[in-house]
Amino acid sequence: MRKPRVVILGAGYGGMMTTTRLQKTLGTNEVDITLVNKHDYHYQTTWLHENSAGTIHHDQTRIPIKDVVDFNKVNFVQDTVVSIDPDNKKVQLEDGELEYDYLVVGLGFETATFGIKGIEEHAFTIQNINSARLIRDHIEYNFARYNNEPEDRPELITIAVGGAGFTGIEFVGEMANRVPELCKEYDVDPDKVRIINVEAGPSALAGFDSELVDYAVKRLEAKGVEFMLSTMIKEVTPEGILVERDGEQELIKTNNFVWAAGVRGSTIVEKSGFEVNRGRVPVRPDLRAPNYDDVIIVGDCALIMNEETERPYPPTAQIAIQMSYVASDNIKALVRGSNELKHFKPEILGTVASIGEGDAIGVIFGKRKLFGWTASVMKKVIDNRYLLKLGGVGLLLKKGKFNIFK
Ligand code: FAD
Ligand code: NAD
């Protein structure tokens, strides 16, 4: 009898953890597991703001898939998913096609542009290793250019960031650390550099604890970050960003604009005919897609509601990792012919955001607030814990963050 074929799309938090858990719990005699990913490495999306600013190298963030996945147990296909045909149980890749009996979709997020003109053409986004490397090198190149221009061009050393959600705040925090190094390297007067964070809402980090938000904003302002709140980015042009506040429009000249104002699930999922809500699939409690009993969706492609707030849970690595536990248990049950599937219930252990080296804010266990160094250590503990779960002590020692005294 043919073994059931399990195909996992995407080696992000959800896909990688599902794969490593399945390789431990299912024997090669009972299942064929295939993992598909664009690159031969997995990366820590949660560190990309640091790679984008250039405060850590991308090789610390990426992990070769072969270091964690046992290729004797899992077929790894390095390719790009083009579409899924859930009615015929097929996945179209750029260089081939795969058939499955059970599918796990973990293709992650894409930047949401909300149809704003010029974002696709003129904005940088923090999405993956390639886009992070590009931001780092582009900003550095502009610092190098600055003293070679015949006229003063402040837009070369003006860094504008769209959105003061967690990604925008974490990125400006890293940039505030990086700018003094760039100024030293390229003989640029630090007083001339601007880091501007433009946010449509009246506050940074909307909905987060206000005492922690105040702390973060004050700390960032002290390091030179300018906040423009209640200011909507209307358009991005080759010259800069057109913003509107109180009905007045202004062009902020910048050659370094990073759009960090929201995400949606991979468009592949929507184009493949799955039901979506705000770009994400409203999964059933067992994480299966509506209408498809053989497709499980994990991570940022899945939408789950918080019954207390009646709003969707924000897409996070924390939830993607927790989903992988239920996804792998449910795949195991399905492969073994059982229909007793587990239900997913997120357990939010906390939220911690960095605001630069050695500084952070966070809430853990529902109410305990953390500021500064303590929060920063907690963030590193969370990051290191993931590495331990994914690849054990060996991976932790290779890629972990141990610089807790900075
Ligand atoms: P992803 O991590 O997005 O991975 C998707 C994978 O699929 C990638 O390997 C990608 O290469 C691959 N892929 C995509 N498309 C294709 C294709 N067509 N073909 C083949 N492969 C493909 N969350 C937290 O909980 N805590 C944090 O501190 C935190 N910090 C963050 C910081 C930043 C800068 C950002 C951007 C996000 C942060 N998040 C954080 C959110 C978190 O990173 C995401 O929720 C999480 O990455 C989602 O995981 P995922 O498994 O769905 O997919
Ligand atoms: P977000 O949706 O959380 O924040 C986007 C921000 O951009 C909002 O404040 C919004 O008002 C603003 N915005 C939208 N359109 C705008 C416009 N036209 N002009 C100006 N501002 C505009 O998105 P994010 O920060 O990219 O985060 C994505 C997900 O990743 C979230 O679920 C977040 O919780 C998660 N994340 C978590 C962490 C962490 O836990 N440390 C870090 C980064 C991201």
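Both ligands and their constituent atoms are indexed starting at 1 by order of listing.
- Annotation: Gly162 places no N or O atom under 3.5 Å from an N or O atom of ligand 2; distance criterion only.
- Relative to the six-membered ring of Trp47, Lys399 misses at least one condition, a distance below 6.0 Å or an angle of at most 45° to the axis.
- Closest protein heavy atom to atom 38 (C) of ligand 2: Phe166 CB, 3.5 Å.
- Residue-ligand proximity: Val352 is placed with a non-hydrogen atom under 4.0 Å from ligand 2.
- The residue among Ala261, Ala317, Ala204 with a heavy atom at the shortest distance from atom 15 (N) of ligand 2 is Ala261.
- Atoms of ligand 1 lying under 4.0 Å from any heavy atom of Phe109, numbered from 1 in the order shown and given with element: 3 (O), 36 (C).
- Close approach of ligand 1 to Gly10 is summarised as follows: ligand atoms under 4.0 Å from at least one heavy atom of the residue are 7 (O).
- In this model, no donor atom of one side chain and acceptor atom of the other lie less than 3.5 Å apart for Tyr13 and Gln318.
- Within the structure, ligand 1 has Thr80 among the residues with a heavy atom less than 4.0 angstrom away.
- Contact annotation: Gly106 has at least one heavy atom less than 4.0 Å from an atom of ligand 1.
- At under 3.5 Å, not a single nitrogen or oxygen of Trp259, backbone or side chain, sits near a nitrogen or oxygen of ligand 2.
- At a 4.0 Å cut-off, not a single heavy atom of Leu9 sits close enough to ligand 1 to count as contact.
- For atom 19 (N) of ligand 2, the choice among Val263, Thr125, Ile319, Ile233 with the nearest heavy atom turns out to be Ile233.
- Not a single heavy atom of Ile169 sits less than 4.0 Å from an atom of ligand 2.
- The contact set between ligand 1 and Tyr43, taken as ligand atoms under 4.0 Å from a residue heavy atom, comprises 8 (C), 9 (O), 10 (C), 11 (O).
- Checked against a 3.5 angstrom limit, the closest N/O atoms of Met232 and ligand 2 fall outside it.
- Looking at Asp300 next to ligand 1, an N or O pair under 3.5 Å apart turns up.
- Heavy-atom separations between Pro315 and ligand 2 include at least one value shorter than 4.0 Å.
- Between Gly201 and ligand 2, no N or O atom pair is found at a separation short of 3.5 Å.
- Of the polar atoms of Glu170, at least one N or O is found under 3.5 Å from an N or O of ligand 2, judged by distance alone.
- Using a 4.0 Å cutoff on heavy atoms, Lys379 counts as a contact of ligand 1.
- When only interatomic distances are considered, the shortest N/O to N/O separation between Thr167 and ligand 2 falls below 3.5 Å.
- Of all the atoms in ligand 1, the ones that sit under 4.0 Å from a non-hydrogen atom of Gly14 are 51 (O).
- Ala112 and Trp259 get closest at one heavy-atom pair: O-NE1, 2.8 Å.
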